[in-house]
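The next block holds one structure in the form of structure tokens; read it before the comments.
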Amino acid sequence: MNSRLLVAFLCLAAVSSGCIIHDEPAYEGDVTFRWTLAGLRCDEDPDVRGVNIYIPGERLENDGRYPCRANGFDGIVLHRFQPGTYSFQLEAVSYGNEVLYEGSGTFRINGDQTVEIDLLPPGVPPSYAYLEWQFPGNASCNAAGVRYVDVRIDNSDWGRFDCEAGSNGNAIKSLYVDPGEHNVVMVALDSRLRAVYEHSGRLTTHYGAPTSYIGSMRSSAAGVTLGWEFQDGPSRFNCSQAGVTHVEIRIDGGPWERFSCSAGSAGATITNTNLGAGNHDLQLVAVDAQNNPWYYYTGSFSVPSGGSVNVTASLWVIGGASIKWELRAGGSALSCSQAGINDVAINFRDVFTGELVYGIVGDVHGCNDAPVVFEFLRPGRYQVEMFARANNGVEYRSVANSVTVDVVGHSFPGPNNALLVSLFPN
């Protein structure tokens with residue numbers, strides 16, 4: 001058997017490993033291709049039938065069509081290459097011969113060589129990264145109070161991921177990008193979608209192999225250091241002077257928290273660091289030993305990312321009012337159902353400034369909820385204004401200037417002393 005036929009015979013005997021055919025038997029080494037499919041193993045994408053290999057100037061066994069997995073690994077060994085530099089193209093194809101993944105490159109034969117390459121879907125930028133995040137002290141997502149992590153590469157759209165998807169050894173796959181340096185930004189959010197940690201950095205991606213990147217999170221939780229005082233007109237009081245034992249605080253409509261009045265008065269402060277950067281709503285209610293509300297504050301504050309802000313809330317003295325109503329038409333009183341009314345809106349207009357306490361909408365209550373007790377009004381004289389719309393579109397309004405209430409500080413009329421407001425159809 002001549003040497004040329006011997007080479008051809010050896011190729012036929014080695015169908016599982018691949019072979020190239022040269023006119024001369026001289027060779028320098030073998031090349032081993034090891035591939036992944038966008039990070040997946042061959043058995044993780046059942047749509048892949050095999051991998052086609054093209055090496056210009058070389059004639060490959062079976063025209064370069066090989067199984068995705070051969071000889072116990074995802075790849076193939078091609079034998080008997082002469083010395084030199086070779087270019088190649090790989091295509092992972094479906095059972096319908098559709099190209100599902102592809103990649104290309106070069107290798108140089110100077111002894112046996114191995115080419116490791118990650119094939120990517122055609123038409124996408126040819127690189128990506130596996131992204132993880134890490135919190136101070138290697139805290140878990142739960143211990144760090146993080147529910148989600150938002151990620152952005154360069155100027156792409158934000159992607160939101162469950163925190164566990166990129167923590168404790170897990171990693172998320174970035175979008176496909178061109179090889180090179182990229183900006184990466186991560187923002188960790190708590191269950192109320194407040195930013196509590198953040199990371200920004202640079203990652204470098206490479207063609208043919210994914211990059212691993214771990215973002216070390218730093219706290220972005222903003223805080224407020226809060227103190228309070230009490231006012232009645234131009235006068236300012238401390239806790240004992242105001243008769244206050246406790247102050248209840250609510251931020252952004254969350255649960256009320258109770259503190260001893262002395263904790264935030266006369267130079268003492270309390271601190272809350274579990275806030276996201278930005279604007280926040282603040283409410284305080286000061287109560288006496290019998291839990292009667294005597295002072296009130298509502299306002300807002302803004303904190304920078306990772307910083308803190310000092311707020312002194314001046315609680316003003318409050319009083320109350322109690323309101324009930326009746327619906328009248330044609331000289332007769334109507335029930336809510338007879339009038340076809342579900343809700344009523346109550347408002348108080350300051351007779352001196354003309355300002356409405358509850359804006360243009362008013363404080364809405366069910367039509368059958370009378371009487372309604374108000375406990376957080378500033379002392380003063382107010383005109384009571386009410387409005388309701390029936391199901392048939394008829395509007396009911398109180399008569400202008402018909403009911404006036406004097407709100408007195410620390411005075412809270414109960415339901416038995418409710419003022420009656422009559423509403424008539426327009």
Side-chain angles (χ1 to χ4, degrees), residues 33-49 51-52 68 74-75 88-94 96 98-106 115-135 140-141 144 146-191 193-220 276-277 305:
F33 286 100
R34 293 181 178 270
W35 50 66
T36 52
L37 313 170
L40 302 176
R41 300 187 307 270
C42 291
D43 60 4
E44 292 179 310
D45 190 340
D47 293 332
V48 174
R49 181 197 66 192
V51 176
N52 299 338
C68 188
D74 292 356
F88 66 86
Q89 181 177 350
L90 306 182
E91 294 178 349
V93 296
S94 69
E98 176 189 2
V99 177
L100 303 179
Y101 305 92
E102 62 183 4
S104 60
T106 63
V115 175
E116 296 188 359
I117 185 169
D118 188 43
L119 308 182
L120 298 181
V124 303
S127 70
Y128 64 96
Y130 287 114
L131 306 178
E132 302 177 54
W133 38 81
Q134 190 176 69
F135 301 106
S140 65
C141 293
V146 175
R147 181 67 179 86
Y148 302 102
V149 175
D150 287 353
V151 179
R152 182 169 71 175
I153 305 294
D154 297 329
N155 294 317
S156 66
D157 293 335
W158 287 95
R160 177 162 293 174
F161 303 89
D162 188 274
C163 181
E164 295 290 348
S167 183
N168 294 325
N170 299 319
I172 65 164
K173 185 177 177 180
S174 77
L175 73 168
Y176 295 109
V177 294
D178 291 325
E181 287 196 347
H182 301 276
N183 294 316
V184 56
V185 179
M186 302 176 178
V187 179
L189 309 174
D190 65 9
S191 59
L193 302 184
R194 298 175 300 184
V196 290
Y197 293 92
E198 62 185 12
H199 168 83
S200 61
R202 299 277 290 177
L203 67 86
T204 301
T205 61
H206 306 281
Y207 179 83
T211 299
S212 294
Y213 183 90
I214 299 177
S216 296
M217 295 286 197
R218 64 180 181 86
S219 175
S220 64
S305 176

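Since this is a predicted model, take the numbers as computed values, not measurements.
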Report summary line: Closest heavy-atom pair, L120 versus P126, reported as atoms and distance to 0.1 Å, is CD1-C, 3.3 Å
Report summary line: In terms of heavy-atom contacts, L175 and S156 come closest through CD1-CB, 3.9 Å
**Report entry** Any donor-acceptor pair under 3.5 Å from T211 side chain to T204 backbone
**Finding:** yes
Requested in this report: Output, in order, the C-alpha distance, side-chain angles, deciding distance and verdict of side chain to side chain contact (heavy atoms under 4.5 Å, CB included) for Y130 and K173.
Outcome: CA-CA 5 Å; Y130 287 114; K173 185 177 177 180; 4.2 Å; yes
Query - Ring-ring centroid check H199 Y213, cutoff 6.0 Å - result: yes
Requested in this report: Return yes if a side-chain donor-acceptor contact under 3.5 Å exists between Q134 and E132, otherwise no.
Outcome: no
Report task. Indicate the atoms forming the closest heavy-atom contact of V93 with N52, along with that distance. Result -> CG1-ND2, 3.6 Å
Query raised in the report: With no hydrogens and no angle check, is any side-chain donor or acceptor of D118 less than 3.5 Å from a backbone partner on A38?
Result: yes
Report summary line: Rounded to the nearest 0.5 Å, the CZ atom of R160 sits from the CZ atom of R152 at a distance of 13.5 Å
Query raised in the report: Do the non-hydrogen side-chain atoms of Y176 and I153 ever get within less than 4.5 Å of each other?
Result: no
Query - Rounded distance (nearest 0.5 Å) linking atom SG of C163 with atom CG of N170 - result: 10.0 Å
Query raised in the report: Do M186 and E198 have side-chain heavy atoms sitting under 4.5 Å apart?
Result: no
Query raised in the report: Are any non-hydrogen side-chain atoms of Y101 and P121 less than 4.5 angstrom apart?
Result: yes
Query raised in the report: When rounded to the nearest 0.5 angstrom, what is the spacing between CG in D43 and CG in L37?
Result: 9.5 Å
Query raised in the report: So do the side chains of R202 and N183 get within less than 4.5 Å of each other, counting heavy atoms only?
Result: yes
**Report entry** Approximate separation, where rounding is to 0.5 Å, of F135 CZ and C141 SG
**Finding:** 5.0 Å
Query raised in the report: When you measure from the side chain of S127 to the backbone N and O of V177, does any donor-acceptor pair fall under 3.5 Å?
Result: yes
Query raised in the report: Out of curiosity, D154 CG to L203 CG, how far, rounded to the nearest 0.5 Å?
Result: 8.0 Å
Query raised in the report: Between the main-chain N or O of C68 and the side-chain N or O of W35, is there a donor-acceptor pair closer than 3.5 Å?
Result: yes
Query raised in the report: Backbone N or O of G39 within a donor-acceptor pair of the Y128 side chain at under 3.5 Å?
Result: yes
Report task. Measure across D162 and W133 and return the closest heavy-atom pair with its distance rounded to 0.1 Å. Result -> O-CZ2, 3.9 Å
Query raised in the report: Within the distance-only criterion (no hydrogens, no angle test), does the side chain of Y207 pair as donor or acceptor with the backbone N or O of S104 below 3.5 angstrom?
Result: yes
Query - Side-chain heavy atoms of F88 within contact of F33, under 4.5 Å - result: yes
Query raised in the report: Can you check whether C42's main-chain N or O pairs, donor with acceptor, with D45's side chain at less than 3.5 Å?
Result: no
Query raised in the report: At their closest point, which heavy atom of A195 faces which heavy atom of V187, and how far apart are they?
Result: CB-CG1, 3.8 Å
Query raised in the report: Is there side-chain contact between V146 and M217, with at least one heavy-atom pair below 4.5 Å?
Result: no
Requested in this report: Write down the atom of D178, the atom of T205, and the distance for their closest heavy-atom approach.
Outcome: O-OG1, 3.3 Å
Report summary line: The reported gap from CZ in F161 to CG in D150 (rounded to nearest 0.5 angstrom) is 9.0 Å
